[in-house]
Amino acid sequence: MNFDEIVDRRGTDCAKWDRMETIFGVSPDEGIPMWVADTDFKAPDVILNKISEMVAHGVFGYVDYSKPYTDAIRWWMKTRHDWEIEAEAIFTTTGLVNAVGMCLDAYTEAGDEILLFTPVYHAFAKVIHAAGRKVVECPMVNDNGHYDLDFDAWDKLVTDKARMVVFCSPHNPGGRVWTRAELQGVIDFCKRHDLLLVSDEIHHDLIYPGQKHIPMAAVDPAANDRVIMLTAPSKTFNVAGLHTGNVIIPDAGLRAPFADRMEALHLSPNSVGQAVAIAAYSPEGAAWVDDLMAYLDGNRTLFDAAVNAIPGLQSMPLEGTFLAWVDFSGTGMSREEFTARVEKDAKIAANHGPSFGLGGDDFLRFNLGTQRARIAEACDRLKAAFADLQ
């Protein structure tokens, strides 16, 4: 795979490129989109060949991929994450935001409180509010560019209306790959307050050297009567538009309410999305991911060195994901000023920190999942936009 190959996504109804001017005022003709969390890389050949095969066949009727699909997921989790799961534990949803919505629907009621450890992926709060539940923000501690979980403070925020924690592992936007001790702490917190734990692990394959992702359900199997895990091939293989996610519920008793809601809504998987997942979760797909992570590691190194050389800017050390979380508080600028420099001067579209909840005000999130040449150009533009600080 030549990850340096420029793929022109403009004019293809691509959200990241074609909506950039409407939302950020940055023209796709001269701007660099570093917001929506997909990448600008072509999917691996094993996926493209599978889709070509389906197109050549020409019939898109009902299929039953249930066994090959669950077999592929089980193989992937065992070989890549050293975790064995039962086929019966796997449900398929229309992506993972839909999966969070399904968990809210199956296990909570209107008015219940849902805890988020903020700042965290902005779609969680949106779907919680839309479901008529209440978001309780539990701010993490930013220890000089390293997020820590503050259970002692959070214990005081839990009320008798709290029902669920929605957790992000690896963390988006901070890029933390949580340790086993930290994950055990999350489980113990949920046990202490009798909370269900929904662990969104969509970035679980995007881990940098020296780090190891541990599936939440593998941490403390005795506590799996409250653990629901969400995974997907979407970020790993850049197939998010196919909206295919996995809800993995190890405990048979906990599966029942979810299965009932799936049946009541008569939700069934997208055949193309399932076929792509089966193709991706293979030795060929695994080799491609290894190459991808080596390339993203180069992007991470280049971006962090450039950003951290600008006085007042700090890019959090990225342990996983392709999403850099940059702190502008050291500039002494207002959020409006540093954001304007990035958007108007550097012509870069990056996610605004406040959308991720408490603790995000001084940050912007930058997507590094693009060609190295664009990362280098973005670095040069940021240096120029903050040249007066250097």
Side-chain angles (χ1 to χ4, degrees), residues 1-7 16 32-42 44 80 119-121 140 142-147 168-179 201-214 234-238 240 286-328 330 342 346 348-351 353 356 360 362-383 385-386:
M1 177 72 186
N2 178 15
F3 293 104
D4 285 320
E5 178 188 357
I6 298 294
V7 180
K16 184 163 74 172
I32 302 176
M34 303 182 79
W35 59 300
V36 173
D38 65 15
T39 71
D40 291 320
F41 308 127
K42 290 182 179 179
R80 301 293 287 188
V120 75
Y121 178 44
M140 294 186 292
N142 182 355
D143 182 10
N144 193 30
H146 182 276
Y147 278 131
C168 199
S169 178
H171 182 245
N172 169 13
R176 280 294 319 276
V177 174
W178 307 108
T179 66
E201 306 189 10
I202 197 169
H203 294 278
H204 67 312
D205 295 316
L206 306 173
I207 307 298
Y208 293 103
Q211 304 294 328
K212 179 176 174 55
H213 173 76
I214 303 171
S234 51
K235 305 301 182 186
T236 309
F237 298 99
N238 201 28
W288 186 88
V289 174
D290 291 341
D291 290 344
L292 170 69
M293 290 312 302
Y295 190 85
L296 289 175
D297 195 15
N299 283 2
R300 170 186 72 153
T301 300
L302 175 62
F303 184 83
D304 283 355
V307 166
N308 291 332
I310 301 172
L313 274 62
Q314 182 183 27
S315 181
M316 275 198 172
L318 200 58
E319 299 172 350
T321 84
F322 48 76
L323 304 169
W325 189 232
V326 179
D327 185 353
F328 289 80
V342 172
I348 295 173
N351 292 101
F356 296 87
D362 295 320
F363 288 82
L364 293 174
R365 191 190 75 174
F366 293 80
N367 180 348
L368 307 185
T370 193
Q371 286 71 31
R372 185 76 45 79
R374 288 201 181 110
I375 298 296
E377 175 64 20
C379 291
D380 289 343
R381 293 186 186 192
L382 289 171
K383 291 177 186 176
F386 294 91

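Note that the coordinates shown come from a computational prediction; the quantities given were computed from them, not determined experimentally.
- Remark: side-chain polar atoms of Asn367 are paired, donor with acceptor, to backbone N or O of Asp38 under 3.5 angstrom.
- Within the 4.5 Å cutoff, side-chain heavy atoms of Arg176 are placed close to those of His146.
- The shortest non-hydrogen separation linking Trp178 to Cys168 is NE1-O, 2.9 Å.
- Closest heavy-atom contact between Met34 and Ile348: SD-CG2, 3.7 Å.
- Figure legend: cation-pi geometry between Arg300 and Tyr208, with NZ or CZ positioned under 6.0 Å from the six-membered ring centre and within 45° of its axis.
- Contact of the Val120 side chain with the Asn172 side chain is not registered, since no non-hydrogen atoms from C-beta on lie closer than 4.5 Å.
- Residues Ile214 and Thr179 form no side-chain contact, since every pair of their non-hydrogen atoms from C-beta on lies 4.5 Å or further apart.
- For the atom pair OG1 of Thr321 and CG of Asp205, the computed distance is 12.5 Å after rounding to the nearest 0.5 Å.
- Nearest heavy atom pair, residue Ile32 against residue Ala378, reads CD1-N, 3.8 Å.
- Residues Pro170 and His213 share a closest heavy-atom pair of CD-ND1, 3.8 Å.
- Within the model, atoms CG of Asp304 and CG of Leu313 stand 11.5 Å from one another, a figure rounded to the nearest 0.5 Å.
- Among all heavy-atom pairs drawn from Val7 and Lys42, the shortest one is CG2-CG, 3.9 Å.
- For the pair Tyr121/His171, no side-chain contact is recorded, criterion being any heavy-atom separation below 4.5 Å from C-beta on.
- For the 3.5 Å distance criterion, the side chains of Asn238 and Thr39 qualify, holding a donor opposite an acceptor.
- Every residue two or more places apart in sequence or in another chain that forms a side chain to side chain donor-acceptor pair (under 3.5 Å) with Asp40 is listed here: Arg9, Lys16, Trp17, Thr370.
- For Phe303 and Phe366, the gap between ring centers is short of 6.0 Å.
- Proximity of a side-chain donor or acceptor of Arg365 to a complementary backbone N or O of Trp35 within less than 3.5 Å is detected.
- No donor-acceptor pair under 3.5 Å is formed between the side chain of Lys383 and the backbone N or O of Ala306.
- Residues His203 and Leu323 have side chains in contact (heavy-atom distance under 4.5 Å, counting atoms from C-beta outward).
- Inter-residue side-chain proximity for Val177 and Lys212 is flagged as unmet; no heavy-atom pair is nearer than 4.5 Å.
- Note on ring orientation: taking the six-membered ring where Trp is involved, the planes of Phe386 and Phe328 are tilted (angle from 30° to 60°).
- Phe363 and Trp325 have parallel rings, their planes meeting at less than 30° on a 0 to 90° scale where 60° marks the start of perpendicular.
- The shortest distance between side-chain heavy atoms of Met1 and Pro44 does not fall below 4.5 Å.
- Remark: Trp288 pairs with Phe3, Phe237 by the ring pair (Phe, Tyr, Trp, His ring centres under 6.0 Å) rule, at least two apart or across chains.
- Put simply, the side chain of Arg372 gets close to the backbone of Tyr295: a donor and an acceptor are under 3.5 Å apart.
- The backbone N or O of Glu319 sits nowhere less than 3.5 Å from a side-chain atom of Gln211 that would complete a donor-acceptor pair.
- Side-chain atoms of Leu292 and Leu206, non-hydrogen and from C-beta on, do get closer than 4.5 Å to each other.
- Asp290 is linked by a salt bridge (Lys or Arg N to Asp or Glu O under 4.0 Å) to Arg80, counting only residues two or more places apart in sequence or in another chain.
- Remark: the backbone N or O of Asp327 is not paired with any side-chain donor or acceptor of Asp362 at under 3.5 angstrom.
- No side-chain donor-acceptor contact under 3.5 Å links Asn308 and Ser315.
- Of all heavy-atom pairs spanning Val36 and Asn351, the tightest one is N-OD1, 4.3 Å.
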